[in-house]
Amino acid sequence: CQSPAPPHVPRAAMGRSPQSPILRQISALRPARSLAGAAFVVLLAPGPVAASTYQCLSDISLGGTRYSSQKGIAVDDATLRWCSQQIPNQWPNSDQPMTSIRLFKAWDPQWDEDFKEAAWDRLEEYVIAANAKVLIGTQITCDEAADLKAWGWTKQLVSKLYPSHIMGLAIGNELELLQHKGAEMVPESCLARIWEEGYFWRQFQHMVSEFDSLGFKEIPVTSVFTGMALSGAPFYELPGKARVNTFLRNATQAYRSRFAFTWNFYPYFDPNLGLDADAGSTDQCSNALAAASCWGPECLVPGQTKVARMKMQELTGVATDTLWIGETGWSSPMAGSLTTALKLCPAWSSAATFRNFYQGFLDWDLNIGAGANPPDHVFWFTMRDSHNFGVEEFFGLVSECDEPACKIKSPGYEPRAYELVHGPVQQTCAGTPVYNGWARGEENCRNKCTLDASCEYYVIWPHSHDGQHWCMLASTCDSLVSNDGHTVTIYKKMAGPVTPAPTPAPTPAPTPA
């Protein structure tokens, strides 16, 4: 093997472990998800980019962001585990600051706990540099020991961030969807314990009490539900399945205006939308797109938000209760979890529709019509593309960790160009490297260099194992030194991005004489 790990770092410890699935359930408008009603955080593979400097690059600007201080990004597992130093402090494809994030949990038991403190340190650096607010969650499941362990991690993390950076605490995520996970994963006894025997409500009160004792008693508390929970009088209530109405009544009576209502809305998965009804139409969906991908008061997300606002007022008698949208977004390419007839419509999951929906999100003035109070905060899902139990979804504004380009860009656009200067050779750049470690292929090594302003050269070794290549970044390469017999290639960063040449206009037909 030509790419040995440094002797002080075991090779297995340096490789990237499989990506954890995101623990999310889905709404009546989404396919069913995991049973952990949880949020997400953390950690990252070491990288050269400081949290305060990351911004994805593109040749497309979508202009400003209206009400940017009331909009944020939900952070996926991959970002938090592998590259939390790469959370942007500016909206992708926009010129406005991005100052709030949603974290679904503080740590995952499947992740190596040895990386936890480093992950949190990187996250803390980002939050302080961006002066960001964090909506942080913790899980509710039928495993009390696991819930308390997760809650312990959440308490540790919020204590690092201080009340000035905590927007709210979300206890449980989409718990009304547990009933759809199947008896093997969520038996009826689990549902009975959570809802009928009061486990969820007891844990909610316990966690809020401990949260308060840490100095957060002025910070809002919430639990996140989906559009399905809006089906009820006023909210979903079915014995043995889910008692959302009872929970919300108890929470608003106990915590009053401190309790925030939080909803996840996904028109992308709406089962009520289908292909155009025109005779013979098998792959067109212009009517569904017109209803789902827009942001006026008559469109789906604002419309659902208005319904939620009306039902909240029916429950509490208050028109101004705090309302957060915890997740909304669009997938391109098509999410593997899309099961409606719209999977047959190419336009539904196209790059153009993704761009249109995201641009509408940025431009949304939060108006929901009928004179109703707008949502107080809205989160886009998600920072990067993610896996949902092995099924790929593409809601990210960036495709993956270490990717310097925003997803919304012109075909052929590359943030930086590189030229081969040496190789294959058995020599490498002299001097202290900027980075010297594993990369997931040459493209990943090159991207690391693009993301680091101090990097001018990257050195790539042949494939070693499990898709890993040894990668070295250097600020200079004026001289070469022996590479102990290992063959590498060396590339130099060129000035400026690679922007594809515009398509020439067609030559007009000659004017008839």
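The structure displayed is predicted, hence computed values, not measured ones.
- Annotation: cation-pi geometry satisfied between K407 and F354 (NZ/CZ under 6.0 angstrom from ring centroid, within 45° of ring axis).
- Between W330 and F357, the angle of the ring planes lies from 30° to 60°, which puts this pair in the tilted group.
- Note that SG of C455 is 12.0 Å distant from CZ of R446, once rounded to the nearest 0.5 Å.
- Remark: E176 CD to S223 OG distance equals 8.5 Å, nearest 0.5 Å.
- Aromatic ring pairs are classed by plane angle as parallel below 30°, tilted from 30° to 60° and perpendicular above 60°; the pair W107 and W153 is perpendicular.
- Side-chain atoms of C477 and T428, non-hydrogen and from C-beta on, never get closer than 4.5 Å to each other.
- Residue-environment remark: NZ (K217) stays at or below the threshold of 12 foreign heavy atoms within 6.0 Å.
- For the atom pair NZ (K149) and OG1 (T154), the distance works out to 13.0 Å, reported to the nearest 0.5 Å.
- W91 and F361 have their aromatic ring centers within a separation under 6.0 angstrom.
- Within a 6.0 Å radius of OH in Y67, no more than 12 heavy atoms belonging to other residues, nucleotides or ligands are found.
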**Request:** Go through the steps for H465 and W438 under the test ring-ring contact (aromatic ring centres under 6.0 Å, His included), then give the verdict.
**Result:** CA-CA 10 Å; H465 66 285; W438 293 115; 4.7 Å; yes
**Message:** Between Y491 and Y457, does the ring-ring contact (aromatic ring centres under 6.0 Å, His included) criterion hold? Intermediate values first, please.
**Reply:** CA-CA 5 Å; Y491 294 84; Y457 297 84; over 10 Å; no
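- Ion pairing between D402 and K448 holds under the 4.0 Å rule for side-chain N and carboxylate O.
- The structure places CD of Q253 at 11.0 Å from CG of L248, a figure rounded to the nearest 0.5 Å.
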**Request:** Please assess R258 against D212 for the test salt bridge (charged side-chain N to carboxylate O under 4.0 Å, His left out), listing each intermediate value before the final yes or no.
**Result:** CA-CA 12 Å; R258 184 186 179 190; D212 292 352; 2.7 Å; yes
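- The aromatic rings of F259 and F204 are tilted relative to each other, their planes meeting at an angle between 30° and 60°.
- By the salt bridge (charged side-chain N to carboxylate O under 4.0 Å, His left out) test, D112 is found to be paired with no residue, residues two or more places apart in sequence or in another chain being considered.
- Between E124 and K160 there is a salt bridge, since at least one side-chain N of the basic residue sits less than 4.0 Å from a carboxylate O of the acidic one.
- Considering only heavy atoms from C-beta on, I73 stays 4.5 Å or farther from R102 through its side chain.
- Using a 4.5 Å heavy-atom cutoff, the side chains of Y435 and C471 are in contact.
- Ion pair E237/R243 flagged as a salt bridge, since at least one NZ, NE, NH1 or NH2 atom sits closer than 4.0 Å to an Asp/Glu carboxylate oxygen.
- To the nearest 0.5 Å, atoms OG1 (T65) and CD (Q90) are separated by 8.5 Å.
- Figure legend: cation-pi geometry between K116 and W120, with NZ or CZ positioned under 6.0 Å from the six-membered ring centre and within 45° of its axis.
- Using a 3.5 Å distance cut-off with no hydrogens or angles, the side chains of D147 and T141 do pair a donor with an acceptor.
- Side-chain rings of F395 and Y268 approach one another, their centers coming within less than 6.0 Å.
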Name the atoms and distances for all side-chain donor-acceptor pairs under 3.5 Å in residues 187-195, with sequence neighbours left out.
{"residue": "R193", "atom": "NH1", "partner": "C142", "partner atom": "O", "Å": "3.1"}
{"residue": "R193", "atom": "NH2", "partner": "E144", "partner atom": "OE1", "Å": "3.1"}
{"residue": "W195", "atom": "NE1", "partner": "K241", "partner atom": "O", "Å": "3.3"}

**Asked** Do H469 and S464 pass the side-chain hydrogen bond (donor to acceptor under 3.5 Å, both in side chains) test, and can you show the C-alpha distance, the side-chain angles, and the key distance before you say yes or no?
**Response** CA-CA 5 Å; H469 294 241; S464 171; over 6 Å; no
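- Between E327 and the choices W380, F381, F379, W263, the side-chain contact (heavy atoms from CB on, under 4.5 Å) rule is met once, by F381.
- Distance check, rounded to the nearest 0.5 Å: NE2 of H377 to CG of L366 gives 9.5 Å.
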